[in-house]
Amino acid sequence: MENIRIAVQKSGRLQESSLKLLKECGLKFSNGQNKLKAQASNFPAEVLFLRDDDIPEYVQDGVADLGIVGENVCLEKEKDIKTVQKLGFAKCRLSLAVPKNTEADSVKWFDGKRIATSYPVIVKSFLKKENISAEIHEISGSVEIAPGIGLADAICDIVSTGSTLLSNGLKESFSILKSEAVLISSPKLTDYKTELLNKILFRIKAVNEARNNKYILLNAPNHSVEKIASILPGMKSPTVLPLKEEGWSSIHSVVDEGTFWDKIDQLKAHGAQGILVVPIEKMIL
Ligand code: ATP
Ligand code: ZN
């Protein structure tokens, strides 16, 4: 059987989460010491380990069929590829930053300034949209030292907590792009490979859905069951089982991570006790 080839970052921030996701999708890799490729033992798939910056091009050219890469890299590379699914990890933003004593509260400040970045395409398109003209200095790494050595007035780089900026005497001024890891695909997959992609996509959605939801079990007095059922509608409707103790029920449902803490407060207010919240491994809607 022909393999679908999935490009994954060879080392760096994306690698571990990318491989973990594929594993959670049931793909088993018997990766010996061969760090260029790994063959799945239970699915017609092969992982290729590449530099993340090269992944869009390899996917465009069909060397790889799919790839896992940051949206920031996809946008910067402007290749002919399709983004098929956001993956929810490697969340970060691309931001303009300036020396910490500089007042750069408006984008106008950047007019006529020198900006060092590894993302010239994204920065240029942002500046153009804002009607600002600035000098872009493309550098491939350690962008944050550029202002300190007099190479630039500002930088545009990936930020997650801002601690790297801070330790280089910089502060975030404007966020110009939000990014997370995405699954990309070649625009010209064969029918056979499209079918494999759809299988993988179905599994990714089940994994992501599970990640965003928790299984919840609790005890409640019978008179609160209706109220609690409306707070916890679950996938179809909650399961309600009688407790051995007269007048009490056990309620089982699914609750999403985002509203979880608010709901716990409401449940307690309705007399819920013994609340258990457990992770869900896969969730198929
Ligand atoms: P390579 O040597 O493969 O080119 P790199 O330095 O470009 O590595 P990493 O630092 O591993 O790449 O980052 C890979 C991707 O992870 C980035 O393109 C971005 O999408 C995301 N990322 C980068 N920094 C962070 C961060 N601090 N927090 C979360 N995600 C990040
Ligand atoms: Zn890179």
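Atoms within each ligand, like the ligands themselves, are counted from 1 in listed order.
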Open item on the list: Going by the rule side chain to side chain donor-acceptor pair (under 3.5 Å), which residues pair with Ser163 if we only count those two or more places apart in sequence or in a different chain?
Closed with: Thr161
- [ ] State whether a side-chain donor-acceptor pair under 3.5 Å links Asp65 with Ser186.
- [x] no
- [ ] Go through the steps to decide whether Glu172 and Ser95 satisfy the test side chain to side chain donor-acceptor pair (under 3.5 Å), and finish with yes or no.
- [x] CA-CA 7 Å; Glu172 191 172 357; Ser95 293; 2.6 Å; yes
Open item on the list: How wide is the angle at the Zn ion (ligand 2) spanned by Asp52 OD1 and Asp53 OD1, rounded to 10 degrees?
Closed with: 70°
Open item on the list: Is the positively charged end of Lys113 above the ring of Trp109, judged by distance under 6.0 angstrom from the centroid and angle within 45° of the axis?
Closed with: yes
TODO: Please list, by chain and number, the protein residues whose heavy atoms come under 4.0 Å of ligand 1.
DONE: Gln9, Ser11, Gly12, Arg13, Leu14, Arg51, Asp52, Asp53, Gly70, Asn72, Val73, Ala90, Lys91, Cys92, Ile158, Ser160
Task: Salt-bridge contact Glu195-Lys199 (side-chain N to carboxylate O under 4.0 Å) - done: no
Open item on the list: I'd like to know if Arg114 pairs up with Glu135 as an ion pair, taking the criterion as any Lys NZ or Arg NE/NH1/NH2 lying under 4.0 Å from an Asp or Glu carboxylate oxygen.
Closed with: no
